[in-house]
2 protein chains.
Amino acid sequence: MVHEPSAPAGRRVVEEERRGAGSGASLDDVARLAGVSASTASRALNNHPQVAAATRERVLTAAAGLDYVVSPEASRLAGGASRTRVAVVVPHLSRWFFGRLLEGLEAGLREEGGTTVDVLLFLVGDVGGRRAFFEHLPARRRVDAAVVVGFEVDEAERARLELLGVHIVSAGGPREPFPSVTVDDHRAGRQAVDHLVHLGHRRIALLASEDPDDRGPDLRSAAYRDALADAGLPVDDDLVVRVPFGGPGGADGMGRLLGLRHPPTAVFATADEIAAGAVRTLRRAGLRVGGDVSVVGIDDHPVAEMLDLTTVAQPVHEQGVAAGRMVRALVGGGGPGAVASRVLPTHLVLRGTTGPPP
Amino acid sequence: MVHEPSAPAGRRVVEEERRGAGSGASLDDVARLAGVSASTASRALNNHPQVAAATRERVLTAAAGLDYVVSPEASRLAGGASRTRVAVVVPHLSRWFFGRLLEGLEAGLREEGGTTVDVLLFLVGDVGGRRAFFEHLPARRRVDAAVVVGFEVDEAERARLELLGVHIVSAGGPREPFPSVTVDDHRAGRQAVDHLVHLGHRRIALLASEDPDDRGPDLRSAAYRDALADAGLPVDDDLVVRVPFGGPGGADGMGRLLGLRHPPTAVFATADEIAAGAVRTLRRAGLRVGGDVSVVGIDDHPVAEMLDLTTVAQPVHEQGVAAGRMVRALVGGGGPGAVASRVLPTHLVLRGTTGPPP
DNA sequence: GGGCGTCGTGGAAGCGCTTGCGGTGAGACT
DNA sequence: AGTCTCACCGCAAGCGCTTCCACGACGCCC
C-alpha cells in the first residue's frame, strides 16, 4: 500500500476498512488465508492441474470464506481467460419483433455455456445513432462480437469492425455478405400476396411501412409488385400507401384506401402491426373483414392471433437463437468462414381476415 | 505478443502484424510517435490541464493517426476514470412493457452524459433464474449499479448487492425500500374498477394474470376486491378468473366467464394484453363489447388503441427515464439517500369498450 | 543576479492478476 | 546412502495504463 491512513489501533479495524463496500477481497488475501502464494492461489482458482488437490481445496475454501471474486479487468489484462462480451445493436426495443429476437439471442448465446457471456446493449434509434455507433464504435475494445438486429450494415462499417477484431453477425435484417440469419422477406411477401391473388382478388392494396432505414431494401413491397405482375395485374399507384410503422399508421392508411373511388378488396400490410390498424379502420367502417375486405400481414405478431389475422409467420425467436450460436462459433473458434449464413423459412398462417372477394 | 513467429524481413511487416485485428496501438506507441513519455501522453489524452497545448495537440494527432483507443481494463485497473456500467435485469423482453421501459431507461441513462455508460443485459426468465442471478451475481465486480425491472427484490438480495458496492434501483415493479420508480398499481386497479362501478355495473369479473412471480404482490387484484367492497358489492368467486398472461389466456378466461349461469356485465383485466383476449372472445360470441359486456384493462398498451379498449394508462417510458436518472444520481454522487423513490401517476383512458350495463 | 515559484515533463511505482521458469522436498532408483 | 525424478510451489516479470514525485528550465522579485 502507498499511504495507509496512519493505521488505527488494531489491525482488525484496518481489515474491515480495506474490504467494505465494493472493494472485496483480493487474490493476495485469499492466498494469505490459505497459506500459499498468490500464484498458487491463482492456479487453484483457475483449475490448473498442477496444484495438489489438498491445496486447491484450501484455496477454494479461503476464497469462499472471503467471498472472493476475481477482478475481471486485472484478469483480462494479465492475459487470463475471460467471458466473451457481445454487443447487441438494436434500433427499437418496444417492438415485439426486436424483443422477441433478443430473447432468442440470449438463449442462443447462453446455451450450454453457462453464464459465460456478457451482453452489452446498444440502442441506436435512428439512422444518426446508427452512423454514430459505427463511427465512434463505443463497443470497440469492449466486445468480442456484435450482433446487429434488424437493419442493414454497409460494407465499410463491417470492414471497420472486423478490422478491430470484433466479429459481426446480423439477425433479422437483410441478407448480408457476412454471417447473418434472416428470413426471405421477398418470399414472405409473395406468400402473402399470392394468397390474396389465389383467392381471386384483383384490386389488392399495399400498406407499407415508410420507415426508410429499417431492414434495408423493402423486399416485402417489391414482392407485392412482383406478385401482381406475375398474376397479370396492374399496379395501381392509388393502392400503394406508405405509412408510419404501427397501428395508427395502418389505420390511417386504410382510411385513405377506403376513401378511394375504387377501394381495394384486399390489403397486404407489410407488418401485422400495420395490418391491425387496417382491421380497426375496416371494422369501424362497418365492413366485414375477411368478407368485404381481406387483410393479410406478415410476422405472426401476437396481435395477429387476437385479431384472427391471416399472416405470414416468421420464426423470430429462432433467428435470435441461430444468431447466438453463430456468435459462439465465431468467437469460440473458426473465423468468419466457419459459420454459414442461414435463411429461415416463413409460412402462411390462414385465419379469418382473408377470404374470396365479395 | 509472446511468440512472434520468427519476424519476417523488414520491421514494417512486424509493425503491421503487431497491430492488426484486435490489438490496436498502445499508449506507448502514441507517446513514441508524439515524441513524449507515456505519462504525458496519458495526461494529454485525459485532458489534464498541466500539459502544454502544443504537446497535447501532438499527442492527440498521434493518437488519431494510430487509431488509438485506451484499454478499458488497463485504465480501470490503474484507477483511471471509466464509464459506469449498469446491469439491467428483466424477466421478459418480448412484452411491450419491458421493452418500452428499457427504451426509457436507456434514454434516462444517456441523457446529457454522452455515451458514457455501458448497459449489461441480464435476462432472468423465471424465479429460478432470478434467484440464480442474485446468488451467483454474475454482475458482481462488473457493474456499478443494477436496475431491476418489473419484479420484486427481497431485502436479503438487496443488501447483498449493496454490500458489494453495486447500487440498485427498481423500476416498474412494486414499491421497494430502496430507490424505485413505480406506479401505484392499487390505485390503477381502483381507477379501472371504480369506472365500471360508476357506470352501474354490479356483476364485474376479474381476469387476472396468474404469473406469480412478476411484480410482487398482485395489487391490481387487491384493488378489485377493495373497489367492490367499497361499492357494497359482493365478491363472487365465480367471477374471479386467473389466467396465464397474454391474449390467449384472456380469451380462455373470458370463455369461462361466458359459460357461467350468470355471466358478468363487465370485466376488469389486470393487463391490456389479457383484455385483448377477452375482447376477442366476446366478439366471436357475437356480443357487443362496451354494450353487452364492458371490458377495461391496464397499461395503455398499443393494442388498447387498436381495440378501442378503455384502460388505465401508466407512464412506462417515463418510469424508465426516471430510473435512469436515479442511477446517474446514485453512481455519480450521493448515496442511496440522495435519490427519492417516485410513484408516477396513472389515469383512466376512456374508449369504446366500456359503457353502462345493458 | 541569485533565491524561488511555475510550468511542463519524465521516471517509476503500482493497480490485481497470470504464468514461465527455477527451486524445493519426497520418494524411486542404483 | 547418494542421485535422479517428479509433483508442487514461489519468484518475479509484465499486461497497459494512471499518478505521485522529482527535476530542469524559465521568468520573476527584491
Side-chain angles (χ1 to χ4, degrees), chain A residues 1-5 18-19 22-60 62-63 66-83 140-142 165, chain B residues 1-4 18-19 22-60 62-63 66-83 140-142 164-165:
Chain A
M1 296 296 87
V2 188
H3 39 212
E4 201 72 41
R18 285 222 319 109
R19 98 184 65 268
S23 59
S26 77
L27 180 60
D28 281 314
D29 296 332
V30 175
R32 205 171 308 130
L33 181 55
V36 298
S37 72
S39 348
T40 302
S42 172
R43 279 187 282 252
L45 291 168
N46 292 308
N47 272 322
H48 284 237
Q50 333 208 31
V51 28
T55 309
R56 182 196 319 286
E57 203 55 43
R58 280 214 318 284
V59 173
L60 260 32
L66 291 176
D67 218 21
Y68 170 78
V69 178
V70 302
S71 153
E73 16 275 343
S75 176
R76 182 179 282 265
L77 221 209
S82 57
R83 43 171 69 189
R140 181 162 175 198
R141 279 260 197 167
R142 325 187 80 80
Chain B
M1 293 300 91
V2 188
H3 38 216
E4 203 71 38
R18 285 224 317 110
R19 92 184 70 269
S23 60
S26 76
L27 180 60
D28 281 314
D29 296 333
V30 175
R32 204 171 309 129
L33 182 55
V36 297
S37 72
S39 345
T40 302
S42 172
R43 278 187 286 251
L45 292 168
N46 292 308
N47 271 323
H48 283 238
Q50 334 207 28
V51 24
T55 309
R56 181 197 319 286
E57 204 54 43
R58 280 214 317 284
V59 173
L60 260 32
L66 292 176
D67 217 23
Y68 169 79
V69 178
V70 300
S71 153
E73 16 276 341
S75 175
R76 182 179 283 264
L77 223 209
S82 57
R83 40 170 71 190
R140 182 164 174 196
R141 282 260 198 165
R142 324 187 79 80
L164 296 172

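Letters A, B, ... mirror the listed sequences (proteins, then strands); counts begin at 1. All figures in this text were calculated on a predicted structure; none of them were measured in a lab.
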**Study point:** Given DNA chain C, 5'-ward residue of the pair Ala41(B) and Gly79(B), judged by closest heavy atom
**Key:**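 The residue whose closest nucleotide sits nearer the 5' end is Ala41(B).
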Point to revise | End axis versus end axis in the helix from dG1(C)-dC30(D) to dT30(C)-dA1(D), the angle rounded to 10°, five pairs used at each terminus | key: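 Axis angle across the helix from dG1(C)-dC30(D) to dT30(C)-dA1(D), nearest 10°: 60°.
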Point to revise | Reported OG1-to-CZ distance for the pair Thr40(A) and Arg58(A), which is rounded to 0.5 angstrom | key: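 It comes to 9.5 Å.
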Check your understanding: In residues 43-60 of chain A, what residues come within less than 4.0 Å of DNA chain C, judged by heavy atoms?
Key ->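 Hits under 4.0 Å, by residue number: Arg43(A), Asn46(A), His48(A).
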Is the distance from OP1 or OP2 of [N] to the nearest side-chain N or O of [X] less than 4.0 Å?
| X | N | answer |
| --- | --- | --- |
| Tyr68(A) | dG16(C) | no |
| Ser39(B) | dT9(C) | no |
| Ser42(A) | dT18(C) | yes |
| Ser75(A) | dT18(C) | yes |

What's the shortest heavy-atom distance between [X] and [Y], and which atoms?
| X | Y | result |
| --- | --- | --- |
| Arg142(A) | Pro72(B) | NH1-CG, 3.7 Å |
| Ala63(A) | Val30(A) | N-CG1, 3.9 Å |
| Leu27(B) | Tyr68(B) | N-CE1, 3.4 Å |
| Ala34(A) | Val59(A) | CB-CA, 3.9 Å |
| Ala41(B) | Ala31(B) | CB-CB, 3.9 Å |

Check your understanding: Okay, side chain of Arg56(B), backbone of Val51(B): is any donor-acceptor separation there less than 3.5 Å?
Key ->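 Looks like yes, one N/O pair under 3.5 Å.
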Exercise for review: Please check if the side chain of Arg141(A) supplies one atom and the backbone of Glu73(B) the other of a donor-acceptor pair under 3.5 Å.
Suggested key: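 Checking the backbone N and O of Glu73(B) against the side chain of Arg141(A), no donor-acceptor pair under 3.5 Å is found.
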Practice item. When you get a sec, tell me which of dC17(D), dT18(C), dG10(D) is the closest nucleotide to the side chain of Ser26(B)? Key: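 Side chain of Ser26(B) sits closest to dC17(D).
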**Study point:** Candidate nucleotides dG14(D), dG10(D), dC17(D), ranked by approach to the side chain of Ala78(A) - the nearest
**Key:**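 Given the options dG14(D), dG10(D), dC17(D), the side chain of Ala78(A) is closest to dG14(D).
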In whole angstrom, what separates [X]'s [atom1] from [N]'s [atom2]?
| X | N | atom1 | atom2 | result |
| --- | --- | --- | --- | --- |
| Arg32(B) | dG10(C) | CZ | C1' | 15 Å |
| Glu73(A) | dC15(C) | CD | P | 15 Å |
| Leu77(A) | dC17(D) | CG | C1' | 8 Å |

**Study point:** Contact list for residues 42-55 of chain A, test side-chain hydrogen bond (donor to acceptor under 3.5 Å, both in side chains), sequence neighbours left out
**Key:**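 Every pair satisfying side-chain hydrogen bond (donor to acceptor under 3.5 Å, both in side chains) with a residue in residues 42-55 of chain A: Ser42(A)-Asn46(A).
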